[in-house]
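Below: the structure, in structure tokens.
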Amino acid sequence: MLFEEVAYYYEKLESVSSRLAMIDIMAEALGKADKKEMRPLIYMTQGLLGPPFEGIQMGIAEKFAQQAIASATGFTKEEVAANAKKTGDLGNTAEELTRKTKLKRMSSKKHNVLSVYETLLKIASTSGQGSQEAKIRSAVALLTAASPLEARYLIRLALGKLRLGAGDATILEALSKMSTGERSARAELENAYNICSDLGKVGEVLAESGIKGVERIKVSLFNPIRPALAERLPTANEILEKMHGKCAVESKYDGLRAQVHLDKGKKKVEIFSRNLEKLTPMLPEIAKAALSEVRAERAIIEGEAIAYNEETGEFRPFQETIQRKRKHGIDELSVSMPLHLFAFDLMFLDGEDYLGKPYHERRAKLESLIKGGKTILPSGRVIVDKPKELDKYFEEQIADGLEGIVAKELNSPYVAGARKFSWIKLKRSYRGELSDTVDLVIVGYYLGRGARAEFQFGGLLAAVYNNKKDDFETVTRIGTGFSEEQMRNFKKILDKIKKPGKPARVDSIVTPDFWVEPTYVVTVRADEITKSPMHTCGRDGGDTGYALRFPRIVSDGVREDKSPDDATTTKEIIEMYGMQKRIKVEDK
Ligand code: ATP
């Protein structure tokens, strides 16, 4: 498939805002790729060069991309910089200057998907002395054989700024449409994706062996599994009812979710976060303990890593655990404040996929593997069949400084990537007046007025994720409770992702001063969820949606462990609204 065609489809994708139109265009584009091209094409369409968990960074900085455009078009660096200032997008600059090129085009060679992908990969992986020059040379080679439209997308890709606005769910539906003509095979494709977290792999298997092949995708070591998630219910009664009268109740630790992949023979451990980033360098004591304490050759176990004082039995607050997510001083921290892993699940053991086995069996096996460990311990838990017992365990957890409990259905499989009632969380906050905190995606921001003018920041427009529609629906404007440092920080990071108009996949009837690409997630507490004509959350064609009343940010800044698609969903907001009403009735 020629890259020319890819660029044509990318331009078409950019020009539509309806998701169905996006799916159709993407399905047509994917249908043009052959088996070998499928993976690269999917990664590039995601704006990546591999699955996100590989963490391959597009390796060219703006400045060097400008140099490459200058060399490829014959304009001076100053002219390129001036044009970039005018267009506000180096991709558009590359397009415009390629059209007006001052150089005679020597090459008649045409790019194809594989050649572009390989060159971009080379640019990304070149490092060390003289690497910038080498990267620029590769970028120049790409540009000199590119049409103006190709240049637009090549530069955006090389900068890691493609941003076509297609989420995972949209790509899955496009794959479904491509292979079956319908969007309905999304469920099978999504299952496979939840198991391997790699859309490129799903697409490749689909192209090679059809839906049947995709259904055979199994858990594999060092391919993270998309985490199972918990639903919420406000009372022990409701939880037990949902669990058919009996369930396990585990302590809910407020730390970092960690999925540990272990291969002893290769002495290899990889730890993935909740949103599947590699955490291994940040958790050296847990990686070490995985090799020495887990009685298995190859395994995938999941747990919560948390700062814990063994001598006093005291759990430390989230803010202390999260300090690990920095680049320096980790070795010192691992001694002064070692983390423990409270393991709660087992997904793979010595070649066997455990996802389909019932919870009680996975748990029993997990306990036998980690028995007697010092750093890796089983999460606390009891089995209950009376609301009173559940409440008692819950109160004990709160007294111990934990967040609450997660109830687990004894016979259910591990449901990767989905929020299901086989896990139900109960936190202290559901029981008081306030509902739980929610995680929202920033889609825009406001300019400061009055005393805030100096920060040029006056608040955020925030949205929830609608996983059915794969878009972001606004739910609140957050205007208060920011520290000066937070205002400065938000302004700085949001300026970099400003968009001239409403970004693709954002559904909003209010307009902020600036739109931003949905990128960052913040944790927000509010007094109440109310019905509102202002916001699109849960509107579903009607006039009223849901909104948060008196929202304020409770995360330090943005949540680095959550991507936009991990934000609280529309469905959860509607459920929380229902819970809130039930609590109010009970309180009376
Ligand atoms: P939250 O912000 O409430 O942690 P979440 O969206 O990150 O929510 P949920 O699946 O809704 O994730 O809630 C369960 C979370 O609680 C897990 O992601 C995990 O990090 C954490 N956790 C702590 N202890 C346990 C446990 N024993 N079993 C399962 N999850 C646990």
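Counting convention: from 1, in listed order, for ligands and their atoms alike.
- Between Leu460 and the choices Thr476, Val441, Ile442, the side-chain contact (heavy atoms from CB on, under 4.5 Å) rule is met once, by Ile442.
- Residue Ala230 places at least one N or O, backbone or side chain, under 3.5 Å from an N or O of ligand 1.
- Only side-chain heavy atoms of Phe344 come within less than 4.0 Å of ligand 1; its backbone N, CA, C and O stay farther off.
- For atom 15 (C) of ligand 1, the choice among Glu231, Lys252, Arg232 with the nearest heavy atom turns out to be Lys252.
- Proximity of Pro227 to ligand 1, defined as any heavy-atom pair under 4.0 Å, is not found for any part of the residue.
- For the 3.5 Å distance criterion, the side chains of Arg363 and Ser379 qualify, holding a donor opposite an acceptor.
- A donor atom on one side chain and an acceptor atom on the other are found under 3.5 Å apart for Asp470 and Thr170.
- With no hydrogens or angles considered, no side-chain donor-acceptor pair links Tyr414 and Asp353 at under 3.5 Å.
- Less than 4.0 angstrom separates some heavy atom of Arg257 from each of these atoms of ligand 1: 17 (C), 18 (O), 19 (C), 20 (O).
- The aromatic rings of His340 and Tyr308 lie perpendicular to each other, with more than 60° between the two planes, well past the 30° mark.
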If you look only at distance, which donor and acceptor atoms sit under 3.5 Å apart when one is on a side chain in residues 481-489 and the other is two or more places apart or in another chain?
residue, atom, partner, partner atom, Å
Ser483, OG, Gln486, N, 3.1
Gln486, OE1, Ser483, N, 3.1
Gln486, NE2, Asp556, O, 3.0

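- Which parts of ligand 1 touch Lys408 is read off a 4.0 Å heavy-atom cut-off, strictly below it: atoms 26 (C), 28 (N), 29 (C).
- In this structure, Glu302 has no heavy atom closer than 4.0 Å to ligand 1.
- In this model, a donor atom of one side chain and an acceptor atom of the other lie less than 3.5 Å apart for Thr569 and Glu572.
- Ligand 1 has an N or O atom lying under 3.5 Å from an N or O atom of Arg419, backbone or side chain.
- Closest heavy-atom approach to atom 2 (O) of ligand 1 within the set Glu304, Glu403, Glu250, Lys562: this belongs to Lys562.
- Of all atoms in ligand 1, numbered sequentially from 1 with element shown, those under 4.0 Å from a heavy atom of Leu229 are 10 (O).
- When heavy-atom distances to ligand 1 are checked against a 4.0 Å cut-off, Arg381 has no atom that comes that close, whether in backbone or side chain.
- In terms of polar-atom proximity, Trp423 is not counted as a contact of ligand 1, lacking any N or O under 3.5 Å from an N or O of the ligand.
- With ligand atoms numbered from 1 in the order given, ligand 1 contributes 24 (N), 25 (C), 26 (C), 27 (N) to contacts under 4.0 Å with heavy atoms of Ser251.
- Here Tyr520 pairs with nothing under the ring-ring contact (aromatic ring centres under 6.0 Å, His included) rule; sequence neighbours left out.
- Residue Arg274 has at least one heavy-atom neighbour below 4.0 Å for each of these atoms of ligand 1: 5 (P), 6 (O), 7 (O), 12 (O).
- Counted by atom type alone, Thr375 and Glu285 present zero donor-acceptor pairs between their side chains at under 3.5 Å.
- Of the listed options Lys420, Lys425, Arg559, Lys425 places a heavy atom closest to atom 11 (O) of ligand 1.
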